[in-house]
Amino acid sequence: MTITEDLQKLLDILPQGLRQVLENHPKRDILVEVVLDLGRRPEARFPHQAEYLSETPVTQEQIDDCIERVGIFGGDNRAGIEQTLHRISAIRNRTGKIIGLTCRVGRAVFGTIGMIRDLVETGKSILMLGRPGVGKTTALREIARVLADELNKRVVIIDTSNEIAGDGDVAHPAIGRARRMQVAHPDQQHQVMIEAVENHMPEVIIIDEIGTELEALAARTIAERGVQLVGTAHGNQIENLIKNPTLADLVGGIQAVTLGDDEARRRGSQKTVLERKAPPTFEIAVEMLERQRWVVHESVADTVDNLLRGRQPNPQTRTVDDEGKVSVARQLAVVNGRGPHSIFAEDASPPMRPSNGWRSSGQMVALPPFSLERERVTGRSEFDRLLDESFNYSEAVDFDATRQPGPNGEDLPLHIYPYGVSRHQLEQVISVLTLPVILTKDIDSADAILALRSHVKNHAKLRQMAKARHVPIHVIKSSTIPQITRGLRRLLNMDDPELGDDRELQLLLHSGSEDEIDALEEARLAVEQIVIPKGQPVELLPRSSQVRKMQHELVEHYRLKSDSFGEEPNRRLRIYPA
């Protein structure tokens, strides 16, 4: 890294005695700021410590002498030194007189954004978060130079306190070809942001310290006009922004939503929950924990959604060593929804966990023909065997060890996330047919999604989430026993059983009365002896509405159509050939 600081120009405004102490100080190259408070000893602050420069308290004459060398303080009580990046901030008493100064050293550090250069080049908006003094402004300055000089973009900096591009009318060379717009008063920052977009046709807007609701609104307006935004905000982490009503719009805004009974039951949550209101203004967020360690949220939307649902996000942690080598690590709260905490790291980008069978290709491999033949010979359900064998391989998560796939190439038991499908009916089918399936309420732990076609068609967010997590969606037309049964068998790549499978008929029974059994047997015989072999329609005996519904489901199981005719109590079923 190359560092440009012009430290001597800052020292020149200090009282002579203090200037000499700092000029000969062994740590002058890492000086952060000098603090002068009336009636107190002058103090020099370094990254991890502070020390007094003199035993003599600061006098008003010394403060006034410094002010004369600095110049005019703006509406934000800040002043600068022309052609430098240093900042002098004033503390006033109740009458407006300056009784304290904070002289902050400004440095241009070339190469400081090596950790996130790949993110800067994507063209997505980036929000920098961090405590004061961690290097947010230094990073903004370097980002502006890289975008303008190396990526040849039109960059405009909104420099409210002249901290990014230095004091004076001529911008500091540290920002390269980027242009700088000064702000007369901090209250006008949001207006200058909009003016920059309307008048100067930028591709990138860089803004320091977004702190008001108007500025957050201006940032959203700019982002929606297709301009890349790079900015900083008050707060150490994304959680701080979510809890801050003034700045919550930067991450999409938060609103209370009342769920329906079914949705609340499916989520396993209360009926009133918090959800993100809109797409975030900034697509990427960087939490600057230390100068050499940054946490990167590649998708602010996913991070906010996870936090609002009580889940832990899994951001990247990027660090850089003394040689400039960047390392990337990721903390996974849950691996495939069933494993313990796990960390992996590498030099460039995190490795993907090797996926077995279905999760790697989106589908399962068909069962070998001999397995079905063996089922007929032994009389033992193939699924019973698969289920037994699935328990014999380890569920431990170990990136170094190769996890053995299940007998069909999949990870059994299969974890399915139901969407719009009756959970009660799903559990009934799984229980009666003894399928190796577990229902999950967490899409992150799902191997597949079983959803109603109408719900998927009208829910783009579900499709996006499934695509991002590489989870296949399997759809069924309606939430009925035959459709659910067929959908689960298709998910597990099992052939349909013989049409008269006793367990399939058990699923259709409600109370198991003789009337129900007789009605289903009548419908089964009509289908198998007349409709299918002879291709002729058949009318059944009159039945109650509940029993007719069961007959309809049985006919649907045979992939045939049926209608009800007549008036009660003589209303009956008519079955049509395919």
Side-chain angles (χ1 to χ4, degrees), residues 124-127 129 190 210-224 229 231-287 295 297-315 333-334 337 417-424 439-446 449 451-452 454-469 471 473 479:
K124 295 181 178 180
S125 295
I126 302 174
L127 181 64
L129 302 170
H190 65 281
I210 300 173
T212 69
E213 193 170 353
L214 288 174
E215 291 164 8
L217 184 60
R220 173 168 292 280
T221 302
I222 292 171
E224 289 177 352
L229 264 177
T232 64
H234 305 286
N236 295 334
Q237 297 176 319
I238 287 185
E239 290 95 324
N240 302 136
L241 297 186
I242 293 176
K243 297 173 183 177
N244 186 339
T246 304
L247 300 180
D249 190 55
L250 296 178
V251 293
I254 310 301
Q255 65 182 355
V257 176
T258 302
L259 304 176
D261 292 338
D262 292 340
E263 180 68 9
R265 197 177 300 113
R266 185 186 67 79
R267 291 190 184 189
S269 67
Q270 298 177 346
K271 292 194 65 174
T272 302
V273 297
L274 294 177
E275 286 198 346
R276 182 166 46 84
K277 189 188 305 181
T281 302
F282 293 89
E283 297 141 292
I284 299 171
V286 179
E287 298 171 359
V295 172
H297 297 269
E298 302 152 288
S299 173
V300 172
D302 289 345
T303 295
V304 173
D305 290 344
N306 284 331
L307 289 172
L308 292 178
R309 285 172 170 78
R311 307 173 192 156
Q312 286 300 313
N314 55 338
V334 179
Y417 178 85
Y419 188 80
V421 182
S422 168
R423 194 177 186 90
H424 172 71
L439 302 182
T440 177
K441 295 180 180 179
D442 185 4
I443 195 171
D444 292 324
S445 64
I449 298 172
L452 285 183
S454 58
H455 285 51
V456 173
K457 190 180 300 182
N458 301 322
H459 202 304
K461 184 178 178 181
L462 177 70
R463 299 196 300 270
Q464 293 171 358
M465 292 172 64
K467 184 177 180 181
R469 291 164 173 76
V471 179
I473 300 178
S479 185

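If you read the sequence from its start, that first residue is 1, and numbering goes on from there. Treat the numbers as computed from the prediction; the structure is a model and nothing was measured.
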### Query
Where do T281 and V251 land on the side chain to side chain contact (heavy atoms under 4.5 Å, CB included) test, with the steps shown first?
CA-CA 6 Å; T281 302; V251 293; over 6 Å; no

### Trace of the salt bridge (charged side-chain N to carboxylate O under 4.0 Å, His left out) decision for E224 with R220
CA-CA 6 Å; E224 289 177 352; R220 173 168 292 280; 3.5 Å; yes

### Derivation and outcome, side chain to side chain contact (heavy atoms under 4.5 Å, CB included), residues R469 and M465
CA-CA 6 Å; R469 291 164 173 76; M465 292 172 64; 3.6 Å; yes

### Message
Run L307 and E239 through side chain to side chain contact (heavy atoms under 4.5 Å, CB included) and show every step you take.
### Response
CA-CA 8 Å; L307 289 172; E239 290 95 324; 3.9 Å; yes

### Task
Apply side chain to side chain contact (heavy atoms under 4.5 Å, CB included) to the pair L127 and L229, showing each step before the final yes or no.
CA-CA 8 Å; L127 181 64; L229 264 177; over 6 Å; no

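Remark: E283 CD to D302 CG distance equals 12.0 Å, nearest 0.5 Å. In this structure, CG on D305 lies 11.5 Å from CG on L274, to the nearest 0.5 angstrom. Summarising the geometry, atom CD1 belonging to I449 is positioned 7.0 Å from atom OH belonging to Y417; distances are rounded to the nearest 0.5 Å. The CD atom of E215 sits 8.0 Å away from atom NE2 of H190, with the distance rounded to the nearest 0.5 Å. To the nearest 0.5 Å, atom CD1 of residue I126 and atom NE2 of residue H297 are 13.5 Å apart. Atom CD1 of I242 is separated from atom CG of N244 by 11.0 Å, given to the nearest 0.5 angstrom.
Residues A233 and L250 come closest through the heavy atom pair CB-CD1, 4.1 Å. Between G211 and L247, the shortest heavy-atom contact is C-CD2, 3.9 Å. Pairing each heavy atom of V471 with each of A446, the nearest pair is CG2-O, 3.8 Å.
Within a 6.0 Å sphere centred on NZ of K441, other residues, nucleotides and ligands contribute more than 12 heavy atoms. Open room surrounds CD on E213; 12 or fewer heavy atoms of other groups in view lie less than 6.0 Å from it.
In this structure the side chain of R423 reaches within 4.5 angstrom of the side chain of L439, judged on heavy atoms. Taking the side chain as every heavy atom from C-beta outward, F282 and I210 approach each other to under 4.5 Å.
The side chain to side chain contact (heavy atoms under 4.5 Å, CB included) test with L129 singles out one residue from T232, V295, V286, I238, and that residue is I238. For the side chain to side chain contact (heavy atoms under 4.5 Å, CB included) criterion with T303, the lone passing option out of P315, P280, P313 is P313.
One finds no salt bridge joining K277 and D249 here, because no Lys/Arg side-chain nitrogen approaches an Asp/Glu carboxylate oxygen to under 4.0 Å.
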